[in-house]
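Take a look at the structure set out below.
Every chain is numbered from 1, with letters handed out A, B, ... down the list of sequences. A quick note: this is a predicted structure, and the numbers were derived from the prediction, not measured.
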Protein chains: 2
Amino acid sequence: MLDRLDKKILSIIQDDATIPVAEIAKRVGLSTTPCWRRIQKLEEDGVILRRVALLDPKAVNTKVTVFVSIVTNQHSEEWLKRFAELIREFPEVVEFYRMSGQVDYLLRVVVPDIESYDAFYKRLIAKIEISDVSSAFAMEQIKYTTSLPLSYIQLEKDKPV
Amino acid sequence: MLDRLDKKILSIIQDDATIPVAEIAKRVGLSTTPCWRRIQKLEEDGVILRRVALLDPKAVNTKVTVFVSIVTNQHSEEWLKRFAELIREFPEVVEFYRMSGQVDYLLRVVVPDIESYDAFYKRLIAKIEISDVSSAFAMEQIKYTTSLPLSYIQLEKDKPV
DNA sequence: AATTTTTTGGAAAAAATTTCTGTTTCAGGC
DNA sequence: GCCTGAAACAGAAATTTTTTCCAAAAAATT
């Protein structure tokens, strides 16, 4: 169970993972050791999954996002497993959801341009037989964050000051 | 312009930003200093945007993803600006795209459950008058990565070994 | 109410890593 | 062949992380 301090720590490091523990400690009102220990525990407990560097899509030539909606008539467990396996191998697919409603699956694909998307699309349908695929192009990424809202965390009962 | 070594470095740190520079250097076949300098430059040049900790959605109670499609009749620059501003303030909105095609805007929203989504939705439409909103719920996140494909990088002409 | 156990925090030292400095190497141009 | 600049290296200095040991507070038990 997390408390107010853990939440503060998470808020800091999910925004910037380069801040030294001593500085985090200062900001949350602890000394380095207990703060360091809390971070360790958050990692052990799997609250912190990993630390990564985020790259500029422009710089790596993948500024176009395409949302790919897939409707299929295949619904067996086995089929999904194979499908998921195959999709996972495409580095262009950065997100992949199983949906409720009309659409069965939704992919977010990143590529340099429309031509590249077409090439990707051909490679995709060559690998997997899918009945209905439709693509929606993003013109602009207005917001993108890896920071999750922390307001829904169920806090441990906090001691009154 | 990036070369083969930069690409290797990016590949490593966009996957795991905790690896020491000395270890990265070893893996790409450099000593620490030149490797460190390359990383510095990649940061200066904005290829590396930031380093962050990724949290477990389950652990912070935001395991439900909802894709919100918005169709509007408002299309002025001014309206979009205000709209974007407002959306940005909702921490539940982790992605926000301006789309081509039927849908004008697409949001990815993360919340604990359907009820919370309803509450979020009410707060959203209270702030902004939007004509048509439709929500699609993700049942399962099959893949989610912040790692961009590096295969589209235009490499600097590499010297033959 | 007193005692023990457990938890949490702190200071300081040790270890590891990052950052910087000066020097060397190497390819290409003159 | 020699110069020039870019890129590499080794090692020192600075910073940060990690460990160790101890104190205080809180919780549980007698």
**Item:** Cluster check A/Ile9, B/Leu54: I/L/V/M/F/W/Y, side chain < 4.5 angstrom
**Value:** no
**Message:** Under the rule for side chain to side chain donor-acceptor pair (under 3.5 Å), what residues qualify as partners of A/Arg50, not counting sequence neighbours?
**Reply:** B/Asp15
**Request:** Mind calculating the distance between CD1 (A/Ile9) and C1' (C/dG9) to the nearest angstrom?
**Result:** 12 Å
**Non-hydrogen side-chain atoms of A/Ile24 and A/Ile39 separated by less than 4.5 Å** = yes
**Prompt:** Can you list the residues that meet the side chain to side chain donor-acceptor pair (under 3.5 Å) rule with A/Asp45, with sequence neighbours excluded?
**Reply:** A/Lys41
**Request:** Starting from P on D/dA7, measure out to CE on B/Met1 and report it in whole angstrom.
**Result:** 13 Å
**Pair A/Lys81 + A/Glu85, salt bridge at N-O below 4.0 Å** = no
**Message:** Any residue in residues 25-42 of chain B with a heavy atom nearer than 4.0 angstrom to DNA chain C? Just list them by number, or reply none.
**Reply:** B/Thr33, B/Trp36, B/Arg37, B/Gln40
**Request:** Please determine if B/Arg51 and B/Glu43 form a salt bridge, counting it only when a charged side-chain N lies under 4.0 Å from a carboxylate O.
**Result:** yes
**Prompt:** Can you list the stems that DNA chain D is part of, where a stem is at least 3 pairs in a row, each Watson-Crick or G-U, with both distances below 3.5 Å?
**Reply:** C:1-30 with D:1-30
**Item:** Those residues that, when tested against B/Phe137, pass ring-ring contact (aromatic ring centres under 6.0 Å, His included) (two or more places apart)
**Value:** B/Tyr117
**Request:** Apply side chain to side chain donor-acceptor pair (under 3.5 Å) to A/Tyr97 and list each qualifying residue two or more places apart in sequence or on a separate chain.
**Result:** A/Glu95, B/Arg108, B/Gln141
**Asked** B/Asp6 has an atom CG; how far is it from atom C1' of D/dA8, in whole Å?
**Response** 14 Å
